Amino acid sequence: MLETIWFILWGVLWAVYFMLDGFDLGLGSLMPILAKNDTERKIIYSSLGPFWDGNEVWLITAGGVTFAAFPTTYAVLFSSLYSALMLILFALIIRAIPFEFRGQIDSPAWRKLWDTCLVIGSFLPALLFGVAFANIFKGIPIDANGIYQGTLFTLLNPYGLLGGVLFVLLFTVHGSVWLSIKTEGELHDRAASMAKKLWAPLLVVAVVFLVATAFSTKLYNNYLKMPPLLVIPLLAVLGLVMTRVFMAKAAFWKAWFASSLTIVSATLFGVVGLYPSLLPSSLNPAYSMTIYNSASSPLTLKIMLVVALIFVPLVIAYQAWVYSLFRHKVSEEELVYH
Amino acid sequence: MDALLLSRLQFAVATYFHFLFVPLTLGLSLIIAIMETIYVRSGDEDYKRMAKFWGKLFLINFAVGIVTGITLEFQFGTNWSRYSSYVGDIFGSLLAIEATTSFFLESTFIAVWAFGWNRLSPKMHCVSIWLVAIASSLSAIWILIANSWMQHPVGYAIRNGRAELTDFLAVVTQKFAVLTIMHVLSAAYILAGFFVLGICAYNILRKQHTEFFIKSFRVAVVFTLIFACFEVFEGHLHGGLLQHTQPTKLAAMESHWETTSSAPMYLLSIPDPEHERNLLEVGKIPYLLSLLATHSPTGVVRGLKDFPKDERPNVWLAYIPFRIMVTLAGIFVILAVVGWFKRNKLESSPGYLRIMQYAIPLPYLAATMGWTLTETGRQPWIVYGLMRTSQSVSPIAVSQVATTLVGFIALYSLLGFSAFYLIAKFARKGPEPLAASNE
């Protein structure tokens, strides 16, 4: 029971991370297309400035909880995905630094350097998290000793790449909607039309992904066993449709929440399908990392649960307060980055 | 070169680099919080300018500290998977608790502080920097509890082929952790103190914003003096504890080979690990080692020869860093005491100011030496007495680790160079005028 609770929490933490950092990563990826001049780039930085750091901690927590609740999965997963994960980490470093460094020296070359870092550092994690999670859904070649029998390129199979494309589209739509919320005038219009333009391919890729999942993974088995669970992928689709509906009404906060619903449900769709595995082995189901063979002791899970039940609601409360504190639109007069 | 050695090198690069930025975050957030509190209580705008000026340097440093911390958490999985699997029940939960209770708070409220000057009342704004200061120290406390468990594992049992938690309170409250926390936090506060004092000295010497920097100096010198004195006192407690918890580390840092009672200490000795002796021992102080280690002049101090060769750490890597660290600690107390007496006549003490501007790197060196002693002195164990470092590396390819090691060195060099360049640039430039700072 404890293991199952932690399995759900584990999925929720990743889902919340993708929902929150998703718009940072998506908007960072789109910056060269959306911003036509330096002022607009500064507006984009300013629209993310107060949020990205707090958002990224959800990743640290998701990683930390994998370590704490399922140490063997943490060990096998992260050593198996060594190169992919390291690429993500390096990318996240160069994504974060521009916020503090970019405006400190008044030189176009200096700004250009950090802008490039932001774009690469946002795009790569968006893509690679998608590739990684699609591969987790599908299973990776781990042997009886939890040793990975593949390379970085093993992960770049069609289904994995499809997952990568899906994440990039989810995050870029999410990010465009965010910029639409945070801006006025030309930049706002450009962001809103970008969100609408990206929405159609997102819908296509999402449908293809849901179909491909039936062929490439065993995720649907759990749903066949318990059909009411199908509400999760349905919510993802509903969220996606509502995102478009709200965009058409120019209700961008609502569109952002709908897009958040899509990201959260899409992540949970995969996680619930995995249960009770955390990392299936594509070589032999018996080699899979599951909540049974990789969980921590009951005592650790109990202590962690007490900590999570007290602090996670607290974190959500103060982060929500920060979002409302900085909910205002960013204008040229109110740039926080110079 | 094998994956083990490369992984150790990579972890060393990543932690050393991370810890160039962490101590300043820990200490400077506290100093800024004190300055802003003075502003809120007195209404003296100079202290607001101080908070802003030191805050600008703080944010540049903070960013690098944050991003380099993330890679550390994940390296336990990528490079030390066997370790993670074996002790994750205990070690992993400490890291997760750190993120949930402290890191969220720190990362969320730093944004409130940085962007909230015009959106919050002065009081609430001041609260946000206190939350950052408290959360960053709290975060360090959890990490140090985890590190202390690697140094001196308690509260566990070997079950199901791994170490499982049996007593959480024992892990969190063990004496080793308490002393380590006091030691590292004080070191961080000293480092931040010297950082502020050094930049003040630089600017006072050049007669730039003299009044502003004299005022900053007076805040920081009290802070630095308190922790420099405390650190020396605490260091002695530390040595005494090692006798019981990590006798091989104690013997290595003193290059002490034979188990003896009434052990003396030498001002200078030259270790000769190959022949298990010291080539030279000068400046004998009778009974001192026994006294420090066992609190009795005739106490028995175990020598390295008491332990199998494959359970001993590298003597040089413990012996030299220990001496550098202790010497520096003494220098810090002297410089802080002198600063205290000169605090009202700084402009007429150019000699002292000149020393202080060059003293900025010294606490960085001391902290680095301290960690070198702590971590290499624990070897060959990753968890002292329980698991060897050689048994804990991931089944990964040499080429993978070699690639990322090169990546770390390249990326971190760029980051480190840029960060120190920017900090130096703004430290020299001085504070914004009052009007600009109120924008």
Side-chain angles (χ1 to χ4, degrees), chain A residues 49-54 56-61 63-72 74-79 81-83 85-86 89-90 92-94 96-97 99-101 104-105 145-148 294 296-297 299-300 303-304 307-308 310-312 314-315 318-319 322 325-326 328 336, chain B residues 59-60 62-64 66-68 70-71 73-74 76-79 81-82 84-85 87-101 103-105 107-112 114-116 119-120 159-160 162 164-166 168 394-396 400 403-404 407 411 415 418-419 422 425-426:
Chain A
F51 311 105
W52 71 266
D53 193 2
E56 194 169 284
V57 184
W58 288 92
L59 171 66
I60 321 286
T61 307
V65 159
T66 315
F67 198 173
F70 305 104
T72 312
Y74 172 83
V76 172
L77 175 64
F78 291 164
S79 58
L81 303 185
Y82 186 97
S83 302
L85 185 65
M86 282 292 183
L89 295 177
F90 283 134
L92 287 175
I93 291 178
I94 64 168
I97 292 296
F99 286 96
E100 274 319 316
F101 282 22
Q104 311 287 16
I105 294 180
N145 299 314
I147 297 175
Y148 181 60
S294 81
S296 279
S297 65
L299 177 62
T300 295
I303 291 170
M304 289 294 305
V307 172
I310 296 171
F311 283 94
V312 173
L314 211 60
V315 170
Y318 63 66
Q319 287 207 337
V322 171
L325 182 67
F326 297 113
H328 56 88
V336 291
Chain B
L59 287 173
I60 295 168
F62 183 83
V64 186
I66 290 285
V67 296
T68 53
I70 296 166
T71 58
E73 183 201 16
F74 286 96
F76 289 108
T78 52
N79 293 71
S81 65
R82 293 192 173 104
S84 300
S85 182
V87 304
D89 197 63
I90 301 148
F91 190 87
S93 56
L94 295 170
L95 295 197
I97 292 174
E98 185 263 342
T100 329
T101 61
F103 198 38
F104 264 126
L105 198 61
S107 293
T108 309
F109 280 90
I110 189 63
V112 173
F115 304 111
R119 301 193 173 269
L120 292 167
R159 278 195 299 243
N160 306 314
R162 64 179 181 180
E164 291 193 351
L165 185 66
T166 56
F168 184 66
S394 301
I396 41 177
Q400 285 179 303
T403 311
T404 53
L411 181 59
L415 284 187
S418 311
L422 289 177
K425 178 186 158 185
F426 290 108

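Since we're looking at a predicted model, the values are computed, not measured. Letters go in sequence order (proteins before strands), and every chain restarts at 1.
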Do the side chain of B:Ser84 and the main chain of A:Ala75 share a donor and acceptor less than 3.5 angstrom apart?
no
Can you sort out the partners of B:Asn160 under side-chain hydrogen bond (donor to acceptor under 3.5 Å, both in side chains), two or more places apart, ordered by chain and number?
B:Glu164
Reported CG-to-CE distance for the pair B:Asn79 and A:Met86, which is rounded to 0.5 angstrom
4.5 Å
A:Thr61 side, atom OG1; B:Glu98 side, atom CD - distance, nearest 0.5 Å
8.5 Å
Among A:Leu92, A:Leu89, A:Ile310, residue most engaged with chain B (heavy-atom pairs, under 4.5 Å):
A:Leu89
Which portion of B:Leu120 sits near chain A, non-hydrogen atoms under 4.5 angstrom:
side chain
Contact winner vs chain B - A:Phe67, A:Phe311, A:Phe78, heavy-atom pairs under 4.5 Å:
A:Phe67
Working note: B:Phe62 + A:Glu100, criterion side chain to side chain contact (heavy atoms under 4.5 Å, CB included); need CA distance, chi angles, decisive distance, verdict.
CA-CA 9 Å; B:Phe62 183 83; A:Glu100 274 319 316; over 6 Å; no
If I measure from the heavy atoms of chain A, does B:Phe76 come under 4.5 Å with its side chain, its backbone, both, or neither?
both
For the atom pair OG (B:Ser394) and OH (A:Tyr82), what is the distance rounded to the nearest 0.5 Å?
8.0 Å
Report the relative orientation of the aromatic rings in A:Phe326 and B:Phe115; use parallel for angles under 30°, tilted for 30 to 60°, perpendicular for over 60°.
perpendicular
B:Thr404 and A:Phe90 have their tightest heavy-atom pair at O-CZ, 3.7 Å
Proximal component of B:Leu165, with respect to chain A [non-hydrogen, under 4.5 Å]
both
Mark yes or no for whether A:Tyr74, through its side chain, and B:Gly77, through its backbone, hold a donor-acceptor pair below 3.5 Å.
yes
Residue among A:Gly146, A:Ala69, A:Gly54 with most heavy-atom pairs under 4.5 Å to chain B:
A:Gly54
Among the listed options A:Val76, A:Leu299, A:Leu59, the residue most often paired with chain B at heavy-atom distances under 4.5 Å
A:Leu299
Looking at B:Arg119 and A:Leu325, what are the two nearest heavy atoms and their distance?
CD-O, 3.8 Å
What part of A:Tyr148 lies closer than 4.5 angstrom to a heavy atom of chain B: side chain, backbone, both or neither?
neither
Which atom pair, heavy atoms only, marks the closest approach of A:Pro71 to B:Asp89?
CG-N, 4.0 Å
Please state whether the side chain, the backbone, both or neither of A:Leu77 comes within less than 4.5 Å of a heavy atom of chain B.
neither
Can you check whether A:Gly64's main-chain N or O pairs, donor with acceptor, with B:Glu73's side chain at less than 3.5 Å?
yes
Does any backbone or side-chain atom of B:Val64 lie under 4.5 Å from a heavy atom of chain A? Answer side chain, backbone, both or neither.
both
When the 4.5 angstrom heavy-atom criterion is applied to B:Ala63 and chain A, the contacting part is both
Rounded distance [0.5 Å steps], CD1 in A:Ile303 versus CG in B:Leu94:
9.5 Å
Tell me if the centroids of the rings in A:Tyr318 and B:Phe109 come within less than 6.0 Å of each other.
yes
Is there a side-chain contact between A:Phe101 and B:Leu422 (heavy atoms, below 4.5 Å)?
yes
Which one wins on heavy-atom pair count under 4.5 Å against chain A: B:Arg82, B:Lys425, B:Gln400?
B:Gln400
Examine whether an atom of B:Ile66 lies under 4.5 Å from a heavy atom of chain A, and if so say whether it belongs to the side chain, the backbone or both; otherwise answer neither.
side chain
B:Ser107 side, atom OG; A:Ile60 side, atom CD1 - distance, nearest 0.5 Å:
7.5 Å
Which bit of B:Ile110 comes within less than 4.5 Å of chain A, counting heavy atoms only: side chain, backbone, both or neither?
side chain
A:Ile93 CD1 to B:Thr71 OG1 distance, which is reported to the nearest 0.5 Å:
5.0 Å
Quick one: what part of B:Thr166 sits under 4.5 Å from any heavy atom of chain A, side chain, backbone, both or neither?
backbone
Pick from B:Ala114, B:Ala99, B:Gly92, B:Gly88: which one has the most heavy-atom pairs with chain A under 4.5 Å?
B:Gly92
Part of B:Arg162 within contact of chain A (heavy atom distance under 4.5 Å)
side chain
